Amino acid sequence: MSMKGWFYAQMEGIVQALEQLGTDDFIFWYEATTPIATAPGLPTIDLTKKYGEDRVRYSGLDEMWYAGATLGAALVGSIAIDWHDMYMANPYPFEIVSQHAAKLHHMTGGQATIPAVWVIHISGQGPGLAGQHSDYEADSWYAHVPGVRTVIPSTVYDAKGLMITAVKSKDPFVYLNGSAFRALSDDIPDTPYEVPIGKAAVRTRGSDLTIVSSGQGMLAAMEGAQKLQGDGISVETIDLRCLNPMDTETLVKSAKKTGRVLTVDQSKYTLCPGAEVIARIAEFTDGVKFKRIAFPDAPPPGAPEMFNYMKPNGTHVYEAAKALLRK
Amino acid sequence: MSDTIEKTVEEVKAEGKGFISRRNFLKGLGVTGASVALFTTGTRLLATPEQEPVSKIPLERDIYWPERLTREQLIEMQRKMLQIRWYDRTVADKMLTEKGFRGYMHGSPGHEACAVGACFALNKDDWMAGYHRSHHHAIAKGANIRKMAAEIIFKASGTNNGYGGSMHIMQADVGMLGEDGVVGPGCCYGAGAGHALRARGKGQVALTFGGDAHATTPYFHISLNEAATHKIPWVYVIENNQYLDARGQHISECINVDDIAIMATAYNIPGVVVDGMDVLDVYNAVKAAVERARAGRGPTLIECKTYRYYDHFGVRGAEPGKLGSFGLGYRSDRELLSWLARDPIDKHRKTLVQTGMLTEREADALEEEVKAEIRDAFRWAEAQPVPRAEDGLRHVFVEEESVLPRMLADCPPWKTYA
């Protein structure tokens with residue numbers, strides 16, 4: 001165990017996954033973030049130095065290109081990573097992932113395999129950047145796409161474990177990389193470990209109410225849960241971690257226990273991951289009461305006054321939970 | 001156009017540039033220049049026989065590569081072109097005559113030399129990505145024709161087990177990356193594959209085929225820019241058949257240059273125009289580009305001027321037993337006839353016969369052999385089983401046997417993934 005930052009945990013995950021696979025046939029394309037990670041008292045991880053410039057390449061601002069080049073490398077059998085690190089909602093990789101990477105294995109009758117990970121930045125945490133750079137919606141986009149696994153860590157432990165799972169998998173992954181988590185550090189294992197796909201994490205156990213969130217929505221969810229616990233309410237907080245496949249079993253069991261489900265999303269209200277959570281629970285339970293909070297169906301405005309009013313926070317979670325408990 | 005004068009000019013040009021010409025090659029094989037009509041008609045997009053470099057960066061062709069092909073290889077080129085021709089003519093005739101025929105095509109006839117000339121320049125372990133007009137690429141790269149015939153009618157034993165169909169034929173074990181059915185980023189993943197192959201250090205290259213419409217998309221430009229910048233071992237072969245999609249818009253109305261190959265100049269790489277109706281011309285250029293790529297000198301853009309005999313899609317304007325689609329509003333029959341007169345299969349046959357590699361009778365026999373092979377392939381395909389309906393749930397992931405049948409009332413609520 002040692003203290004590692006978010007990025008260090010991810011880089012360590014990549015290196016350890018490749019070691020476990022016993023390969024250095026690895027292609028890494030990056031744009032804004034140079035893949036060099038440091039942590040106090042730990043060796044520096046420099047992917048370029050470790051794997052060479054033929055494998056670890058800077059691309060121009062051409063997100064479409066390196067999303068596609070990542071797919072090409074994977075199609076010829078290399079472990080390929082697209083480190084897509086621009087602070088914005090960016091639809092370019094979406095075409096490659098949804099229309100090609102996600103479909104080729106199926107469309108070729110199981111011949112094409114795509115051991116690739118698109119590490120896609122997901123923004124939306126702060127005001128001042130306005131519609132394009134503050135937008136948080138890639139979770140809804142990718143969760144809908146069959147043929148790729150869409151994971152979204154919210155802890156340093158999961159950041160590493162899901163990276164190892166993604167890199168080691170023979171299937172394509174979208175790894176949503178939340179900007180709010182970059183400052184996080186945690187004491188996590190030095191040895192490699194995997195976080196399974198399709199398995200949500202129960203962050204707090206409780207019996208009065210279930211709160212379900214994912215990614216950066218977890219920040220508001222946990223803040224709200226703490227306030228509720230302060231009022232003596234027993235809250236079960238679930239972090240989805242993996243949007244597709246979604247852990248229906250954990251959701252349904254928790255909903256059956258508490259009878260009340262609140263979903264929290266930083267994504268837009270319409271078709272946010274919480275909508276899918278509620279649909280699945282409603283489909284397989286009777287009598288559960290629901291509430292969904294999310295970013296309104298509007299682009300994020302630039303002015304802090306407007307943005308902070310609209311972005312779901314711990315108080316919103318607390319208020320919504322209280323209202324749901326009164327139902 | 002006077003053939004004699006044209007060739008004299010060409011010879012002068014060739015002398016100046018150090019090219020070894022096709023004509024000299026044929027001369028070397030004992031054929032008189034006069035007997036080989038390299039170009040029979042003039043059209044507005046007629047390529048020069050000696051592959052004038054279009055971009056500023058030359059593609060070195062001091063070797064005339066077809067000279068090094070064996071008799072067997074030269075005949076094999078003809079066989080492959082015939083397979084493509086009769087495969088698609090068979091599909092066309094079935095579409096016209098067989099009610100309930102499940103197959104369709106974006107017809108390849110006319111494009112045979114582009115695919116065969118280019119794929120002959122590749123090794124088996126080099127990779128190729130195609131586009132929606134895909135039958136000729138698959139055959140040229142060596143895909144199993146029986147399985148292809150089964151695939152386009154969605155049989156379980158097709159190349160893609162019935163999951164893909166005409167636009168997506170893939171056979172990974174002959175080096176196909178798959179056919180990009182959306183005129184999209186096949187060039188991105190072709191070049192991306194080339195980048196990964198170089199890192200592997202085994203000297204492999206990747207090649208992407210595109211149509212003329214590729215030049216109007218962003219993928220074309222970003223791939224050339226990045227592949228040139230990173231000196232990726234990749235060759236981009238554009239089959240310019242001049243007409244875009246179902247509307248039949250002429251390429252000259254969609255791009256602002258005469259030759260797509262000139263766009264290579266912007267990326268500081270070689271760009272050449274070749275005669276897409278001449279398999280040796282295509283081979284010569286692609287082989288030079290492949291050698292250049294293998295030597296670590298980066299990508300090349302090759303534009304093959306060609307023509308598709310059928311409509312963009314399907315068999316509008318075609319008749320059973322007759323090659324080509326006539327009476328299409330967007331092009332004249334006369335134009336089609338002028339390209340049919342330059343047919344790549346006829347041309348290569350003439351070369352083989354005139355150089356004594358095949359007799360007329362042997363050339364006929366080869367065609368009959370191929371026709372029988374194609375007939376057999378489609379007969380075999382028809383006898384194959386269709387996929388099991390529930391197999392649509394399979395092959396979504398490598399690491400998951402099948403997804404849940406969500407359309408069923410009794411679908412289980414969940415499954416365990418890990």
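The chains referred to below are lettered A, B, ... by the order of the sequence lines, with proteins before strands, and numbering in each begins at 1. Predicted, not measured: the structure shown is a model, and the values here were computed from it. The analysis underlying the following values was restricted to heavy atoms, covering all of them including side chains, and did not include hydrogens, waters or symmetry mates.
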Using a heavy-atom cutoff of under 4.5 Å, enumerate the residues of residues 159-189 of chain B that contact chain A, numbered in order, or state 'none'. Thr159(B), Asn160(B), Asn161(B), Tyr163(B), Gly164(B), His168(B), Met170(B), Gln171(B), Ala172(B), Leu177(B), Asp180(B), Val182(B), Pro185(B), Cys188(B), Tyr189(B)

Look up atom CD1 in Ile96(A) and atom OH in Tyr219(B), then write down how far apart they are to the nearest 0.5 Å. 7.0 Å

Considering heavy atoms only, which positions within residues 66-75 of chain A lie below 4.5 Å of chain B? Gly68(A), Ala69(A), Leu71(A), Gly72(A), Ala73(A), Leu75(A)

Taking only heavy atoms into account, what residues of residues 386-394 of chain B are found under 4.5 Å from chain A? Gly392(B), Arg394(B)

Are His230(B) and Trp65(A) close enough that their ring centres sit under 6.0 Å apart? no

Tabulate, in ascending numerical order, the residues of residues 208-216 of chain B having at least one heavy atom closer than 4.5 Å to a heavy atom of chain A, or enter 'none'. none

Relative to chain B, which segment of Val252(A) carries a heavy atom at a distance below 4.5 Å: side chain, backbone, both, or neither? side chain

Between CE of Met64(A) and CD of Glu226(B), what distance do you get to the nearest 0.5 Å? 12.5 Å

Using a cut-off of under 4.5 Å for heavy-atom pairs, which of Gly158(B), Pro413(B), Ala196(B) has the most such pairs with chain A? Pro413(B)

Salt bridge check, Glu400(B) against Arg149(A): does any charged N sit closer than 4.0 Å to a carboxylate O? yes

Pairwise distance CD1(Ile27(A)) to CZ(Arg200(B)) - rounded to 0.5 angstrom: 8.0 Å

For His105(A) and His395(B), take the angle between the two ring planes, folded into 0 to 90°, and tell me which bin it lands in: parallel under 30, tilted 30 to 60, perpendicular over 60. perpendicular

Non-hydrogen atoms of chain B under 4.5 Å away: do they reach the side chain of Glu95(A), the backbone, both or neither? side chain

